[in-house]
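Keep in mind that the numbers below use all heavy atoms, side chains included, and drop hydrogens, waters and symmetry copies.
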2 protein chains.
Amino acid sequence: MVRALSDDELAAYFALRGAGDRLQRAVTQQLRAHDLTEVQFSILARLGSGSDGIGMSELARGLVVTKSGLTYQAGQLERRGLVVRRASTDDDRVVLLHLTPDGKALLARVLPPHITLVRELFIDRIDPSDLAIVRDALAQVARD
Amino acid sequence: MVRALSDDELAAYFALRGAGDRLQRAVTQQLRAHDLTEVQFSILARLGSGSDGIGMSELARGLVVTKSGLTYQAGQLERRGLVVRRASTDDDRVVLLHLTPDGKALLARVLPPHITLVRELFIDRIDPSDLAIVRDALAQVARD
DNA sequence: TCGGACTCGTTCAAATTCGAACGATAGCAG
DNA sequence: CTGCTATCGTTCGAATTTGAACGAGTCCGA
């Protein structure tokens, strides 16, 4: 038998979905001004967070996209000169994706308003003393 | 000047995205056994939560989908006999979407495992004494 | 070293999604 | 009542996303 969700539990679940949707909508809309989709931004942001390139499969696992979807978007970004593909020296099967200088420059333009948006919609709406609780709780959900 | 996000804030942001993605992946995979996409399930679930039909635009606003996307999916569900379109008596522009008996039956089959999944991945991972805090915090984010 | 199982990134066709139209209806100020 | 504006759901073409192949490379036990 399945135990139904209590009102509190249901409300928490809806709040999680609602918060995610809300943030996604706002981010998507903001990115459109820079001709970037959410997926494309995620790729650039992930590449920008480290100094080395990232393999396609590893990248696809981190984002919410299939390998073939990433192949397509990597092509779009490469066509715009924001990203380059390079062969891996370690593993001949692997294609490493790297940011170009143009890609870094675009990321540098897009990131500040993105951070402002996250602050406005997420961080600033949570009581600072609750933030650690929320962070830890959500991290448990995200955990594999 | 944009104030950067602190480590804690950034971790909270990533945790939110991670939690949402994690849940979405698991739900999507589970629904595939019933030949339903996440969007289709959302439509059925929303229709099932009330006894009256819901207008297309109102429905689209609640879900993360455009009006034209909803037109398409409503067509898919109608083709499978899970849903029917009816004219609204109040407003001739409005098309009300209703669950059919088959739609209700399918929803009744899909909901229990869905609830079990939500419990397993979300509710049970959060300390019960923290749940209210998480719920309220996320509700603030979801708020318009 | 061989062979089988796995992972890599890509290709392809099909399914889905989007945004910009559009015709029809509602609501409201004058 | 008459315009004007907004909202309704749909259509259309283009863009994106998916899943199932595939060829190539890696790994590991026999």
A/Gln76 CD - D/dA14 C1' separation (whole Å): 12 Å
First encountered from the 5' end of DNA chain C, between A/Lys67 and A/Arg32: A/Lys67
Nearest-Å distance, CG (B/Leu97) to C1' (D/dC8)? 14 Å
Using whole Å, report how far CG of A/Leu59 lies from C1' of C/dT7. 16 Å
Using a cut-off of strictly less than 4.0 Å, decide whether B/Arg93 has a side-chain nitrogen or oxygen near OP1 or OP2 of C/dC22. no
Tell me: CD of A/Glu78 to C1' of C/dG9, nearest whole Å? 13 Å
Just by distance, no angles: are the side chains of A/Arg79 and A/Gln76 close enough, under 3.5 Å, to form a donor-acceptor pair? yes
Which of these nucleotides, D/dG25, C/dT25, D/dG9, is closest to any side-chain atom of A/Asp92? D/dG25
Donor/acceptor link under 3.5 angstrom from A/Thr66 side chain onto base of D/dG19: no
Of the candidates C/dC8, D/dT10, C/dT17, the side chain of B/Arg85 sits closest to D/dT10
Quick one: does A/Glu9's side chain have a donor or acceptor within less than 3.5 Å of a partner on A/Ser6's backbone? yes
Here the distance between atom C1' of D/dT18 and atom CD of B/Gln40, to the nearest Å, is 14 Å
Set out, in order, the CA-CA distance, both residues' side-chain angles and the distance that settles salt bridge (Lys or Arg N to Asp or Glu O under 4.0 Å) for B/Arg86 and B/Glu78, then state yes or no. CA-CA 11 Å; B/Arg86 294 199 203 134; B/Glu78 196 169 31; over 6 Å; no
Is the shortest side-chain N/O distance from A/Tyr72 to OP1 or OP2 of D/dT17 below 4.0 Å? no
When the distance from CD1 of A/Ile43 to C1' of D/dT17 is rounded to whole Å, what number comes out? 12 Å
Under 3.5 Å, is there a donor-acceptor pair linking the side chains of B/Asp127 and B/Ser129? yes
Is A/Ser68 close enough to D/dG19 that one of its side-chain N or O atoms is under 4.0 Å from OP1 or OP2 there? no
Is there a donor-acceptor pair closer than 3.5 Å between any side-chain N or O of A/Gln29 and the backbone N or O of A/Ala26? no
Looking only at side-chain N and O atoms, does B/Arg61 come under 4.0 Å of OP1 or OP2 in D/dC8? yes
Provide, to the nearest angstrom, the distance between the CE atom belonging to B/Met56 and the P atom belonging to C/dT25. 18 Å
Using a heavy-atom cut-off of under 4.0 Å over every strand shown, decide if A/Thr71 touches base, sugar-phosphate, or nothing. base
Rounding to a whole Å, what distance do you find between A/Leu70:CG and D/dT16:P? 14 Å
